[in-house]
Colleague: 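This structure is in C-alpha cells; I'll ask about it shortly.
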Number of protein chains: 2
Amino acid sequence: MTNLILSKSEENYLKSIYNLSDSGSKLVTTNSISKILNIEPASVTDMIKKLSKKNLIYHQKYKGSKISKNGIKIALQIIRKHRLWEVFLYEKLNFKWDEIHEVAEELEHVSSDQLIDNLDKYLKYPKIDPHGDPIPNKLGEIDFVDKISISDLNIGQKGIVSRIINEDEEFFNLLNKLKIEIGTEIKLIDKIEYDSSIEIFINNRSVIISKVVAENIKITKV
Amino acid sequence: MTNLILSKSEENYLKSIYNLSDSGSKLVTTNSISKILNIEPASVTDMIKKLSKKNLIYHQKYKGSKISKNGIKIALQIIRKHRLWEVFLYEKLNFKWDEIHEVAEELEHVSSDQLIDNLDKYLKYPKIDPHGDPIPNKLGEIDFVDKISISDLNIGQKGIVSRIINEDEEFFNLLNKLKIEIGTEIKLIDKIEYDSSIEIFINNRSVIISKVVAENIKITKV
DNA sequence: AAAATATTTTAGTCGTACCTAAATTAATTA
DNA sequence: TAATTAATTTAGGTACGACTAAAATATTTT
Ligand SMILES: [Mn+2]
Ligand SMILES: [Mn+2]
Ligand SMILES: [Mn+2]
Ligand SMILES: [Mn+2]
C-alpha cells in the first residue's frame, strides 16, 4: 500500500495538501492548493482525481479534499526528507537560513531509503530543522509542540524562540541584527497599545518589535 | 549560451553522448545511445533533434552525432556533480562502493551552483571519485590520466590501481576479498598463456586473477 | 552489383502535467 | 428568495518524452 512510486508533482501536491490540512484534520479547498503551488485550479482538479484514485486523498466534488491515513504517511516522509536536507545544507554546507528551502524542495524528491536514513544518522538524528520545524522520524512520528506568539505571553513571562515563520532574506537580516535565533530566550516586558508593537528583553537588552515581526516568531513557554 | 536550463532527460542524454564520444572526439551513433540509456532508437532520434536545435550536439542524418564545445562544457558539469555526490555518499554516508552510482544518478540533476560548490569545499576538493574517475573542477577542467590494463604491464613491473570499471556488487565483493582498492600497488608476476589469466603480487602475497577481472581493473604505472 | 541485413528516421500514439475558456455548483449579497 | 459573485469542474489543447510500426538509408554479404 505504501510502496507506490509517486512523481515529483504528486509529491509536491501531497505535501501541500498535508500542510494545508492542519495535520490531516481539515478539508482542503482546490483554490488553496492552487494558490500555494501556483498552478491553475483546473489543473489542481486533475491532480486531485489522480491522488483520489490512488487513495491518498478523499475528494467530494465541489466540497474539498481530505488527506488519507496513507497520504499523511507519505507526506510525512517527504517532509522528513525536506527538513533533513535543510539541516544538512545549513550545518554542513554553510547555507544561510533563507537559502535552504529552495534547494531542499528539489532534494526531497530523490528517493532512496538508504540515502535518507544514513543522512539522518550522519546529522545525529536532529529533532528540528533550521526554521524550528520538527522532523518526523523514520516511522513518521513527529513531535507536535504547542507554539504560541510572543504577544500571547503575559507581561513578565519568558519563552524560547522555537519557530520562524517568514523565510525571506530581509526577515533573516532583521533577526540577525536583533540576535534572535531558534533557542533564544525572550521575556515580554510590555505591550504597546498604540500600534500593537511589543517590548521584549533579549540578550540582556530590551527592544521593541512591530506586530508583524512578533507574529512571525513563535515561542514555547518556559 | 551556457545558461540554458535542461531537463533531466536532456542532461542524461548529453552526459551519455559525452561518455560515448571519447572526450568529445568521436561520432556517436544513435544505436549506442539507445543501448546505454535503454531507450528506443526512435526516441533517441527525437532527442537528438532537440539537442541539435540547442547547439549542444551536431547531427548528420544517418551518420551520427558529435557533441559541441558547449555540450562538452555542460556534460562536464553534470559529471562533476555526479562524482562529487558519489564521494559524499561513499565518504560521509558510508555507502558501499557499488551502491553510490544509482543515487548519484538522481542527485546530479539537482541544479544549484551554490550547492555543488559548497559540497566540493566540504569534501575538500576531491580529485577523483570512489571508482577512480577524475572530477572536473568548477571550470570544467579535468585531469586525464593515462590508464592501462594490468595485462599491459611487463613481468616484474609495478602499477597503482586507479580505476575500477565494473560496478557490480559481485565484482565489489571479489575486490574486497582480494583487498584490491584504488591506490593498491600491484606487481605483475606472470602471464599465464593457457587461459590468459594473470599472476599478480598484492598485499604481500601472490594471487591469480582471470582475464575478465584484469580487464576491469585499470592501473597507472609507477 | 544485387540482395540481404542493420541502422536510422518518420509517422502516428500515449500518459503526464500543465494551460485557457466555458459550464456547473456553491456561497454571498441585495 | 432571486441575483450576483466566487469556487470548482469539464472540455479541449499543448509540450515533453516515451512507445510501436513502417519507411528510408547505409552496410555487409553473397
Ligand atoms: Mn518539492
Ligand atoms: Mn524548514
Ligand atoms: Mn542521471
Ligand atoms: Mn563514479
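Letters go in sequence order (proteins before strands), and every chain restarts at 1. Note that this is a predicted model, so its numbers are computed, not measured.
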Colleague: Looking across every strand, which nucleic acid part, if any, lies under 4.0 Å from Lys49(B) by heavy atom: base, sugar-phosphate, or nothing?
Modeller: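 Sugar-phosphate only.
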Colleague: Taking only Lys NZ, Arg NE, NH1 and NH2, and the carboxylate oxygens of Asp or Glu, determine whether Asp120(B) and Lys138(B) approach each other closer than 4.0 Å.
Modeller: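 No, Asp120(B) and Lys138(B) are not salt-bridged.
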Colleague: Testing Ile67(B), Ile74(B), Ile57(B), Ile78(B) one by one against Tyr18(B) for a side chain to side chain contact (heavy atoms under 4.5 Å, CB included), which residue passes?
Modeller: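 Exactly one option meets the side chain to side chain contact (heavy atoms under 4.5 Å, CB included) with Tyr18(B), and it is Ile67(B).
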Colleague: dT8(C), OP1 or OP2 - any side-chain N/O from His59(B) closer than 4.0 Å?
Modeller: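 For dT8(C), neither OP1 nor OP2 has a side-chain N or O of His59(B) closer than 4.0 Å.
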Colleague: Tell me: NZ of Lys50(A) to C1' of dG15(C), nearest whole Å?
Modeller: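 Checked: the NZ to C1' distance equals 8 Å.
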Colleague: Can you say whether the rings of Tyr122(A) and Tyr122(B) are parallel (under 30°), tilted (30 to 60°) or perpendicular (over 60°)?
Modeller: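 Ring orientation, 0 to 90° scale: perpendicular.
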Colleague: On the nucleotide dT10(C), are OP1 or OP2 found under 4.0 Å from the side-chain N or O atoms that Lys61(B) carries?
Modeller: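 The answer is yes; a side-chain N or O of Lys61(B) sits under 4.0 Å from OP1 or OP2.
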Colleague: Could you tell me whether Glu108(B) and Arg80(B) make a salt bridge, using a distance below 4.0 angstrom between a side-chain N and a carboxylate O?
Modeller: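 Salt bridge: no.
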Colleague: Specify whether His101(A) and His131(A) have parallel, tilted or perpendicular ring planes, treating 30° as the upper limit for parallel and 60° as the lower limit for perpendicular.
Modeller: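 His101(A) vs His131(A) ring planes: perpendicular.
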Colleague: NZ of Lys63(B) versus P of dA26(D): gap in Å, rounded?
Modeller: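 Atom NZ in Lys63(B) sits about 6 Å away from atom P in dA26(D).
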Colleague: State whether Tyr13(A) places a side-chain N or O below 4.0 Å from either non-bridging phosphate oxygen (OP1 or OP2) of dC18(C).
Modeller: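 So the side chain of Tyr13(A) is within the cut-off, an N or O lying under 4.0 Å from OP1 or OP2 of dC18(C).
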Colleague: Atom NZ of Lys54(B) to atom P of dC16(D): distance rounded to whole Å?
Modeller: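 Going from Lys54(B) (NZ) to dC16(D) (P), I get 8 Å.
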Colleague: Are the side chain of Lys50(A) and the backbone N or O of Thr45(A) linked by a donor-acceptor pair below 3.5 Å?
Modeller: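 Flag not set: sc Lys50(A) to bb Thr45(A) has no pair under 3.5 Å.
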Colleague: For Lys8(A) and for Tyr62(A), find the nucleotide of DNA chain C with the closest heavy atom, then tell me which residue's nucleotide is more 5'.
Modeller: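 With Lys8(A) and Tyr62(A) compared, the 5'-side residue is Lys8(A).
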Colleague: Do Ile165(A) and Glu215(A) touch side chain to side chain, with heavy atoms closer than 4.5 Å?
Modeller: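 A side-chain contact is absent here, since even the closest heavy-atom pair is not under 4.5 Å.
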Colleague: Within residues 28-35 of chain B, which residues have any heavy atom lying less than 4.0 Å from an atom of DNA chain C?
Modeller: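 Result for residues 28-35 of chain B: Thr29(B), Thr30(B), Asn31(B), sorted by number.
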Colleague: Classify the ring geometry between Phe88(B) and Trp85(A) as parallel (under 30°), tilted (30 to 60°) or perpendicular (over 60°).
Modeller: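 Judged by the thresholds at 30° and 60°, the geometry between Phe88(B) and Trp85(A) is tilted.
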Colleague: Does Ser9(B) place a side-chain N or O at less than 4.0 Å from the phosphate oxygens OP1/OP2 of dA18(D)?
Modeller: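 Checking dA18(D) against Ser9(B), a side-chain N or O does come within under 4.0 Å of OP1 or OP2.
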Colleague: Report the distance from atom CD of Gln60(A) to atom P of dT24(C), rounded to the nearest whole Å.
Modeller: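 For the pair Gln60(A) CD and dT24(C) P, the rounded distance is 21 Å.
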Colleague: Hey, can you pull the residues of residues 39-48 of chain A with a non-hydrogen atom under 4.0 angstrom from DNA chain C?
Modeller: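 Residues of residues 39-48 of chain A under 4.0 Å from DNA chain C: Ile39(A), Glu40(A), Ala42(A), Ser43(A), Asp46(A), Met47(A).
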Colleague: To the nearest Å, how far apart are His109(A) NE2 and dA17(C) P?
Modeller: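 So the NE2-P distance, His109(A) to dA17(C), works out to 12 Å.
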